[in-house]
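The first residue of the sequence shown is numbered 1, and numbering continues consecutively from there.
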Amino acid sequence: MKKSLEEYEKIVMLKDGSKALIRPVRVEDAEDLLKMFTTLSPETVYNRFFKLRRPFTIEEVQKMTSINFDEEFALVASPLQASELKIIGDARYYVEDKIRAEVAIVVQDRWQLKGLGTAMLQHLINIGRENNIREFYIYVLSDNAVMIHVAKKLGFRLKSQSYGISRFDLTFQS
């Protein structure tokens with residue numbers, strides 16, 4: 001990693017005029033991340049994890065906040081105005097063979113369709129590129145029109161479709 005984690009912080013303006021801080025996840029975010037996950041609708045959970053899963057435990061979320069930034073990178077988003085949630089989005093990539101990474105993202109239901117997911121994913125890709133990631137891919141349920149729109153908007157191209165899951169790839173020249 002070339003920068004300190006604080007240098008990856010970014011404030012974004014959302015479509016509704018509200019603002020959010022996008023920043024790298026910290027160990028102390030575990031409880032707030034767990035709270036966000038517990039507020040997700042079943043549809044959002046299914047779109048992110050491709051199954052209806054049991055609720056997260058604090059131990060699972062602690063693993064998601066205690067990461068090796070050379071093997072994965074995770075961002076969270078926090079609203080800059082009063083909100084019952086301190087974390088409203090989670091975006092991360094998982095590095096494979098040093099130049100390829102799988103991307104995953106979830107935005108809390110009330111914060112969807114405001115441009116936050118797009119902003120988080122774009123910021124994550126920029127960070128990945130700074131850290132020598134040249135290929136990104138994301139798996140999306142084939143009926144998740146919003147995420148497909150976001151992927152295409154950011155330049156991802158459909159690579160394959162199988163059993164209701166689409167894979168989109170984004171490649172940069174080194």
Chemist: Closer than 4.0 angstrom, basic N to acidic O: yes or no for D169 and R157?
Modeler: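 Not counted as a salt bridge, because no side-chain N and carboxylate O are separated by less than 4.0 Å.
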Chemist: Do L116 and T118 have side chains that get closer than 4.5 Å, going by heavy atoms?
Modeler: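 Result no, sub-4.5 Å side-chain heavy-atom pair not found.
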Chemist: How long is the span from the OG1 atom in T39 to the CD atom in Q108, to the nearest 0.5 Å?
Modeler: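 That separation rounds to 3.5 Å.
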Chemist: Identify the two heavy atoms, one from R92 and one from L33, that lie closest to each other, and give their separation to 0.1 Å.
Modeler: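 In this case the closest contact between R92 and L33 is NH2-CD2, 4.3 Å.
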Chemist: With a 4.0 Å cut-off, would you call R23 and E9 a salt bridge?
Modeler: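 No, R23 and E9 are not salt-bridged.
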Chemist: Could you tell me whether the side chain of I138 reaches within less than 4.5 Å of the side chain of K159, counting heavy atoms only?
Modeler: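 No - every pair of side-chain heavy atoms lies 4.5 Å or more apart.
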Chemist: Using side-chain heavy atoms (C-beta onward) and a distance below 4.5 Å, is I165 in contact with V140?
Modeler: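 A side-chain contact under 4.5 Å is absent here.
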Chemist: Say you draw a straight line from OG1 of T57 to CD of Q62; how long is it, rounded to the nearest 0.5 Å?
Modeler: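 Interatomic distance, T57 OG1 to Q62 CD, rounded to 0.5 Å: 8.0 Å.
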Chemist: Would you call L14 and V12 a side-chain contact if the rule is heavy atoms closer than 4.5 Å?
Modeler: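 The answer is yes, as the side chains (C-beta and beyond) meet within the 4.5 Å cut-off.
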Chemist: How long is the straight-line distance from CG of L124 back to CZ of R129, given to the nearest 0.5 Å?
Modeler: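 So the CZ of R129 and the CG of L124 are separated by 13.0 Å.
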Chemist: Give the intermediate values and the outcome of salt bridge (Lys or Arg N to Asp or Glu O under 4.0 Å) for residues E102 and R167.
Modeler: CA-CA 10 Å; E102 180 178 1; R167 176 181 162 152; over 6 Å; no
Chemist: Would E130 and N126 count as a side-chain hydrogen bond (donor to acceptor under 3.5 Å, both in side chains) if you check the C-alpha gap in whole Å, the side-chain angles of each, and the deciding distance to 0.1 Å?
Modeler: CA-CA 6 Å; E130 285 180 26; N126 291 342; over 6 Å; no
Chemist: Closest approach of P24 and D29, non-hydrogen atoms and distance?
Modeler: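 Closest approach of P24 to D29: O-OD2, 4.4 Å.
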Chemist: For K35 and D32, run salt bridge (Lys or Arg N to Asp or Glu O under 4.0 Å): C-alpha distance rounded to whole Å, both residues' side-chain angles, the deciding distance at 0.1 Å, then the answer.
Modeler: CA-CA 5 Å; K35 187 173 181 184; D32 293 326; over 6 Å; no
Chemist: Taking the basic N atoms (NZ, or NE/NH1/NH2) and the acidic carboxylate oxygens, is any pair closer than 4.0 Å for E6 and R26?
Modeler: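 Salt bridge between E6 and R26, a charged N being under 4.0 Å from a carboxylate O: no.
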Chemist: I need the minimum non-hydrogen distance between S142 and Q161, along with the two atoms involved.
Modeler: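 Heavy-atom minimum between the residues: OG-NE2, 4.0 Å.
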Chemist: Looking at the rings of F73 and Y8, which for Trp means the six-membered one, are their centres under 6.0 Å apart?
Modeler: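 So the answer is yes for these two rings.
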Chemist: What do you reckon, is CD of E31 surrounded by more than 12 foreign heavy atoms closer than 6.0 Å?
Modeler: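 Atom CD in E31 is not packed in, count stays at 12 or less.
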Chemist: With a 4.5 Å limit on heavy-atom distance, are the side chains of E43 and R48 in contact?
Modeler: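 Sidechains of R48 and E43: no contact.
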Chemist: Evaluate the criterion side-chain hydrogen bond (donor to acceptor under 3.5 Å, both in side chains) for residue pair E135 and T171; output intermediate values, then yes/no.
Modeler: CA-CA 4 Å; E135 299 174 33; T171 304; 4.9 Å; no
Chemist: Hey, any chance W111 and M13 share a hydrophobic cluster, counting ILVMFWY side chains that come within less than 4.5 Å of each other, even indirectly?
Modeler: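 No: no chain of side-chain contacts under 4.5 Å links W111 to M13.
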Chemist: For E7 and S4, indicate whether the former's side chain and the latter's backbone hold a donor-acceptor pair under 3.5 Å.
Modeler: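 Judged by distance alone, yes, a pair lies under 3.5 Å.
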Chemist: Between Q112 and V146, is the side chain to side chain contact (heavy atoms under 4.5 Å, CB included) condition met? List the steps.
Modeler: CA-CA 9 Å; Q112 293 176 9; V146 172; over 6 Å; no
Chemist: Tell me the closest heavy-atom pair linking I133 and A101, and the distance in Å.
Modeler: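 Minimum heavy-atom separation between I133 and A101: CG2-CB, 3.9 Å.
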Chemist: Looking only at non-hydrogen atoms, find the nearest pair between V95 and E72 and report the distance.
Modeler: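 Closest approach of V95 to E72, heavy atoms only: CG2-N, 4.3 Å.
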Chemist: Is there a side-chain contact between Y139 and F50 (heavy atoms, below 4.5 Å)?
Modeler: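 Y139 vs F50: side chains touch.
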Chemist: Please lay out, stage by stage, how T44 and D109 fare under the test side-chain hydrogen bond (donor to acceptor under 3.5 Å, both in side chains).
Modeler: CA-CA 7 Å; T44 296; D109 295 72; 2.7 Å; yes
Chemist: Around atom CD of E96, are there more than 12 heavy atoms of other residues, nucleotides or ligands at under 6.0 Å?
Modeler: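 Atom CD in E96 is packed in, count exceeds 12.
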Chemist: May I ask you to test the N131-F69 pair for a side-chain heavy-atom distance under 4.5 Å?
Modeler: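 With C-beta onward as the side chain, the pair stays apart.
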Chemist: Assess the pair F49 and F56: is the distance between their ring centroids shorter than 6.0 Å?
Modeler: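 They qualify: ring centres under 6.0 Å apart.
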Chemist: Would I11 and V25 show up in the same hydrophobic cluster when neighbours are defined by side-chain heavy atoms closer than 4.5 Å?
Modeler: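 Shared cluster, no.
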Chemist: Hey, what do you get for OG (S18) to NZ (K114), rounding to the nearest 0.5 Å?
Modeler: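 S18 atom OG to K114 atom NZ measures 5.0 Å (nearest 0.5 Å).
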Chemist: Treating Ile, Leu, Val, Met, Phe, Trp and Tyr as nodes and any side-chain heavy-atom pair under 4.5 angstrom as an edge, say whether L113 and Y46 lie in one connected cluster.
Modeler: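 As far as the 4.5 Å side-chain criterion goes, Y46 and L113 are not connected within one cluster.
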Chemist: Given the rule that I, L, V, M, F, W and Y join up when any side-chain heavy atoms are under 4.5 Å apart, are V45 and I58 in one cluster?
Modeler: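 Yes; tracing contacts between hydrophobic side chains, which count when under 4.5 Å, links both residues.
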Chemist: Is E84 salt-bridged to R110, cutoff N-O under 4.0 Å?
Modeler: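 A salt bridge links E84 with R110.
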Chemist: To the closest 0.5 Å, what do you measure between CG (N132) and CD1 (I99)?
Modeler: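 So the CG of N132 and the CD1 of I99 are separated by 9.5 Å.
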Chemist: Looking at F172, I'd like to know if the NZ or CZ of R134 sits under 6.0 Å from its six-membered ring centre while staying within 45 degrees of the ring's axis.
Modeler: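 No - R134 does not lie over the ring of F172 by the 6.0 Å and 45° rule.
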Chemist: Kindly give the heavy-atom pair with the smallest separation between N68 and D70, and that separation in Å.
Modeler: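 Looking at all heavy atoms of both residues, the closest pair is OD1-N, 2.8 Å.
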Chemist: If we only count heavy atoms from C-beta on, is the V103 to Y137 side-chain gap below 4.5 Å?
Modeler: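 No - every pair of side-chain heavy atoms lies 4.5 Å or more apart.
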Chemist: Do Y94 and L5 sit in the same hydrophobic cluster, where Ile, Leu, Val, Met, Phe, Trp and Tyr count as joined when their side-chain heavy atoms come under 4.5 Å apart?
Modeler: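 Result: no, two separate clusters.
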Chemist: Report yes or no: does S78 contribute a side-chain atom to a donor-acceptor pair with the main-chain N or O of L21 at less than 3.5 Å?
Modeler: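 Absent.
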Chemist: Rounded to the nearest 0.5 Å, what separates atom CG in L75 from atom CD1 in I105?
Modeler: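 Interatomic distance, L75 CG to I105 CD1, rounded to 0.5 Å: 8.5 Å.
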